Number of protein chains: 4
Amino acid sequence: MTGAAQSRLRTIIERVERLEEDKAGIMGDIKEVYDEAKGEGFDVKILRKVVSLRKLDKTVREEQETVLDFYLTAIGDR
Amino acid sequence: MTGAAQSRLRTIIERVERLEEDKAGIMGDIKEVYDEAKGEGFDVKILRKVVSLRKLDKTVREEQETVLDFYLTAIGDR
Amino acid sequence: MTGAAQSRLRTIIERVERLEEDKAGIMGDIKEVYDEAKGEGFDVKILRKVVSLRKLDKTVREEQETVLDFYLTAIGDR
Amino acid sequence: MTGAAQSRLRTIIERVERLEEDKAGIMGDIKEVYDEAKGEGFDVKILRKVVSLRKLDKTVREEQETVLDFYLTAIGDR
DNA sequence: GTGGGTTTGTGGCACC
DNA sequence: GGTGCCACAAACCCAC
């Protein structure tokens, strides 16, 4: 491996690790929100379920829109 | 559930969903870095392995310190 | 589902359940060892930490070999 | 820590690690059974669900028996 | 469509 | 008893 490639490799690894730190930070933030909610008497397990269900719904809705777009385009309506 | 509680619930869900969007964004960024590296001829599978190994190493080092602290505390040395 | 398939299904489930019983038994044995150690004055929390750290060390060593293999293969050395 | 204690410590760690190896072996066996079932056309996801449901049922049944025992004893019927 | 890896969810377990 | 933590199990997604 050339010196240049090694340098690039190092840069890549560092960029990924930096981003993973950011990700870990955000995951910590999410946990904090849930902990706070828990302190107010909410059931965290259920809250997590709500979030995941809404995400699913959103995905389904977007897929439906995609299908709709496809059909509309197919019949020359846009 | 009172109106106030409903309002709080909505706020909590929204905050989590906002953070999850951020997280998804960062995960996208990580993927981009890997894609870019792949375009330069690096083997993504190996890169991922390297990153995870470095994380593991870091974890081990921290664990070792934790165990050491345990022992020092156990023998009354702090 | 044919009768034969039902019979196979039954056999599969029973084999898994038998193995899970074995597993539960071993987990019980592990707990006994720790309880015994506790009775002799050892700090179980530390013991568990030591075991997990040693496992982590082992994992890291294996991972390092895996990465090394990857590289050797990548540069066509095998 | 005395030499005797160190020796005991070593024995304890080794016993636990040996048991954990056994446990890992059994977990591997369970995986093999599922893989085999998959090869015969069974849906592993569903199989796992069946096993976990039966385990839950068993727990519930045992609890019900415990309650039954309690009542029977309470009314002096055993 | 099959396997591997990553992420998420759940249960048990120890500690307070 | 109840709370936080950790290991196990499940679901998910991508690449091949």
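On a predicted model such as this, the values are computed, not experimentally measured, just so you know. Values reported hereafter were calculated over all heavy atoms of this structure, with side chains retained and with hydrogens, waters and symmetry mates removed.
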Whole-Å gap separating P (F:dG4) and CD (A:E32):
14 Å

In this structure, how many angstroms lie between the P atom of E:dC13 and the CG atom of C:D29, rounded?
13 Å

Ignoring hydrogens and geometry, is there a side-chain-to-backbone donor-acceptor pair from A:S7 to A:G3 under 3.5 Å?
no

Neighbour count above 12 (heavy atom, 6.0 Å) for C:R54 CZ
no

Heavy-atom side-chain contact between D:Y34 and D:V51 under 4.5 Å
yes

Atom CG of C:L53 to atom P of F:dA7: distance rounded to whole Å?
12 Å

Sub-4.5 Å side-chain heavy-atom contact between C:I13 and C:L9
yes

Whole angstrom is fine here: how far is it from CZ in B:F70 over to C1' in E:dA14?
12 Å

Is there side-chain contact between A:R10 and A:R15, with at least one heavy-atom pair below 4.5 Å?
no

Can you pull every protein N or O that's under 3.5 Å from an N or O on nucleotides 9-11 of chain F?
residue, atom, partner, partner atom, Å
F:dA9, OP1, C:K23, NZ, 2.4
F:dA10, OP2, D:R48, NH1, 2.6

Please report, rounded to the nearest Å, how far the C1' atom of E:dG9 is from the CG atom of A:L47.
15 Å

Examine F:dC14: is either OP1 or OP2 under 4.0 Å from a nitrogen or oxygen in the side chain of B:K31? Give yes or no.
no

By nearest-nucleotide position on DNA chain F, the 5'-leaning member of A:L56 and A:K38 is A:K38

Within this structure, what is the NZ-to-P distance between A:K55 and E:dT8, rounded to whole angstrom?
7 Å

On the six-membered ring of D:F42, is C:R8 placed so that its NZ or CZ lies under 6.0 angstrom from the centre and within 45° of the ring axis?
no

Between F:dC8 (P) and C:L19 (CG): distance, integer Å:
16 Å

Output the rounded distance in Å from CG (A:D35) to P (F:dT3).
13 Å

